[in-house]
Q: 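Mind looking over this structure? Questions follow.
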Number of protein chains: 2
Amino acid sequence: MTAGAFSLESGALGKTLGESVRSHLAGLIIRGEFKEGERLYPEQIAARFGVSITPVREALMQLAAEGFIESVQRRGFHVRIPTADQIRNVWQVRQSLELCAGEQVIKRLKEGTLDPHALDRLDALQKAQLKNTSHMDHATKLELNGSFHTTIIEFAGNPILASMYRSLQHKVVGGLVQSGLDTWRSRVEKEGQEHKAIIDGLRNQDYAAYDSSVRTHIARSLDDALRDLATRQ
Amino acid sequence: MTAGAFSLESGALGKTLGESVRSHLAGLIIRGEFKEGERLYPEQIAARFGVSITPVREALMQLAAEGFIESVQRRGFHVRIPTADQIRNVWQVRQSLELCAGEQVIKRLKEGTLDPHALDRLDALQKAQLKNTSHMDHATKLELNGSFHTTIIEFAGNPILASMYRSLQHKVVGGLVQSGLDTWRSRVEKEGQEHKAIIDGLRNQDYAAYDSSVRTHIARSLDDALRDLATRQ
DNA sequence: AATGCATATATTTTGTAAATTATTTTTTAT
DNA sequence: ATAAAAAATAATTTACAAAATATATGCATT
């Protein structure tokens with residue numbers, strides 16, 4: 001009877017309260033609303049959202065399982081601060097999964113399970129990235145960049161691979177840093193060329209070419225990520 | 001079946017109740033105590049363990065996040081029934097991660113970060129697998145088999161890779177089937193040879209050889225897994 | 001007087017029980 | 001036989017209680 005008294009905005013359609021809290025918090029973390037290493041107090045969050053502690057706790061544990069935040073026994077939840085080694089490790093696995101995806105995409109192209117026109121979406125993404133970089137906020141730029149890789153992963157047609165890749169991305173959201181615009185612009189150029197090489201590898205169904213362009217791209221991307229991390233300190 | 005008391009306190013030092021319940025349940029699932037697709041009722045489990053529902057729910061959600069079981073909104077928790085496609089997908093990612101690990105292990109051997117004697121542990125595991133297969137229960141056999149691959153993953157020195165590999169293994173525990181002893185014996189022979197080839201690839205620091213022996217092994221292993229699945233229906 | 005240890009207190013996490021909400025099944029009426 | 005309504009079942013959430021940890025305070029010792 002006292003139902004619907006709370007005002008936890010946005011699509012709470014058939015979702016549980018814990019789920020709503022989870023997606024809200026994930027959004028806040030991605031937007032960098034919390035400082036790195038900041039502790040998240042269930043009680044405060046509960047008060048902020050106008051719900052009790054249980055669903056908040058549920059959400060926090062879920063986020064910890066997904067790698068968004070870190071949970072220490074009896075010592076609460078903290079926003080992850082990835083170390084250089086962790087970033088290297090994530091990039092290493094990322095490379096492995098992207099190689100796996102490409103191998104699969106090429107296989108599917110060859111056996112006709114995947115329409116070659118699907119690759120046009122990659123072209124579109126690559127071009128969208130090259131223009132309009134100035135009036136985009138950090139989150140959008142990162143999202144656009146991420147979409148390119150996520151799309152390739154999706155084309156592999158392996159949901160388990162996709163979910164693994166996603167959870168990998170979550171592990172570093174706390175470490176993504178706002179780079180200066182000048183830095184960004186030169187990066188976009190390189191990234192554009194590298195992405196183009198990756199698309200070509202897929203389109204020509206040439207795994208060797210795909211393999212080497214992915215490795216080049218990942219290596220450069222790792223360098224940038226490590227540089228960003230060092231800048232923050 | 002016996003509604004006897006489960007001693008959760010055993011060695012529960014520093015662990016929370018939810019954690020104890022989680023590991024107990026994980027053990028039960030691995031041992032095949034639950035039927036495939038069986039629904040897990042929090043209330044029943046709580047009664048069985050003599051605790052309240054909250055820690056049980058916590059454990060179930062944790063297990064769902066790890067891929068042990070499946071959770072459907074408002075419809076409870078179920079033991080996963082992997083489909084043939086899911087098994088294929090898992091094996092595909094498994095292969096990718098094992099290739100990544102091997103590449104890293106060889107790199108570490110070359111740069112001297114990993115002692116070549118570490119590989120002796122793989123020899124030991126391989127030999128242990130070949131003998132004493134008759135008086136081992138299913139779980140032990142699977143564990144021994146799994147250890148071989150897990151050890152290689154560990155040698156890569158990438159905790160994130162290791163945790164991904166682990167969660168991948170969880171995704172199929174519900175689908176592991178008790179094979180007949182005769183079937184098993186012939187399998188062990190093949191597996192032994194394949195594992196030997198994999199070790200050789202690493203020891204010779206020959207990635208191409210490692211790559212092809214892993215692919216051969218995974219392909220054969222996938223065939224067996226799919227055959228097991230088909231046997232059950 | 002300063003430092004280290006021990007105890008006490010306050011804060012936070014974890015666990016319980018009960019209430020609420022959603023879903024499924026059964027019953028009843030058309 | 002079908003559809004609607006009510007009851008039963010089970011998941012979710014809340015509020016409250018307990019357990020555990022960190023922090024602060026005080027006393028003793030050097």
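To find a chain, count down the sequence lines: A is the first, B the second, and so on, and within it residues start at 1.
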Q: Looking at D/dT12, D/dA10, C/dG15, which one has an atom nearest to any side-chain atom of B/Arg39?
A: D/dA10

Q: Is any NZ, NE, NH1 or NH2 atom of the basic residue among A/Lys171 and A/Glu70 found under 4.0 Å from an Asp or Glu carboxylate oxygen of the other?
A: no

Q: Would you say B/Thr16 reaches C/dT13's phosphate, i.e. side-chain N/O to OP1/OP2 under 4.0 Å?
A: no

Q: Of the options C/dT16, D/dT12, D/dA15, whose atoms approach the side-chain atoms of B/Arg57 most closely?
A: D/dT12

Q: Please tell me which of the listed nucleotides, D/dA15, D/dT12, C/dT14, lies nearest to the side chain of A/Thr54?
A: D/dA15

Q: Does the distance from a Lys or Arg side-chain N to an Asp or Glu carboxylate O, for B/Glu36 and B/Arg80, drop under 4.0 Å?
A: no

Q: Find the distance A/His78:NE2 to C/dT12:P and express it as a whole number of Å.
A: 12 Å

Q: Output the rounded distance in Å from CZ (B/Phe49) to C1' (C/dT16).
A: 18 Å

Q: Expressed as a whole number of angstroms, how long is the span from B/Gln62:CD to C/dT14:C1'?
A: 15 Å

Q: Tell me: CD1 of B/Ile69 to P of D/dA11, nearest whole Å?
A: 12 Å

Q: Name the closest nucleotide to the B/Arg74 side chain, picking from D/dA10, C/dG15, C/dT13.
A: D/dA10

Q: Name all residues meeting the side chain to side chain contact (heavy atoms under 4.5 Å, CB included) criterion together with B/Thr54; count only those two or more places apart in sequence or in a different chain, and write none if there are none.
A: B/Ser52

Q: Taking any heavy-atom pair under 4.0 Å as a contact, classify A/Glu58: base, sugar-phosphate, or nothing.
A: sugar-phosphate

Q: Whole angstrom is fine here: how far is it from CZ in A/Arg75 over to P in C/dT14?
A: 11 Å

Q: Measure from CD on A/Glu43 to P on D/dC16 and round the result to the nearest Å.
A: 13 Å

Q: Distance check needed: D/dA11 P versus A/Leu17 CG, whole Å only.
A: 18 Å

Q: Going by distance alone, is a donor N or O of one side chain under 3.5 Å from an acceptor N or O of the other, for A/His78 and A/Glu38?
A: no

Q: How far apart are the closest heavy atoms of A/Arg187 and A/Asp224, and which atoms are they?
A: CG-OD2, 3.2 Å

Q: For B/Glu19 and C/dG15, give me the distance from atom CD to atom C1', rounded to whole Å.
A: 15 Å

Q: Closest-nucleotide mapping onto DNA chain D: is B/Pro42 or A/Ile53 further toward the 5' terminus? I mean the 5' end.
A: B/Pro42

Q: Within the pair B/Gln73 and C/dA22, is there a side-chain N or O less than 4.0 Å away from OP1 or OP2?
A: no

Q: Name the closest nucleotide to the B/Tyr41 side chain, picking from C/dT14, C/dA17, D/dA10.
A: D/dA10

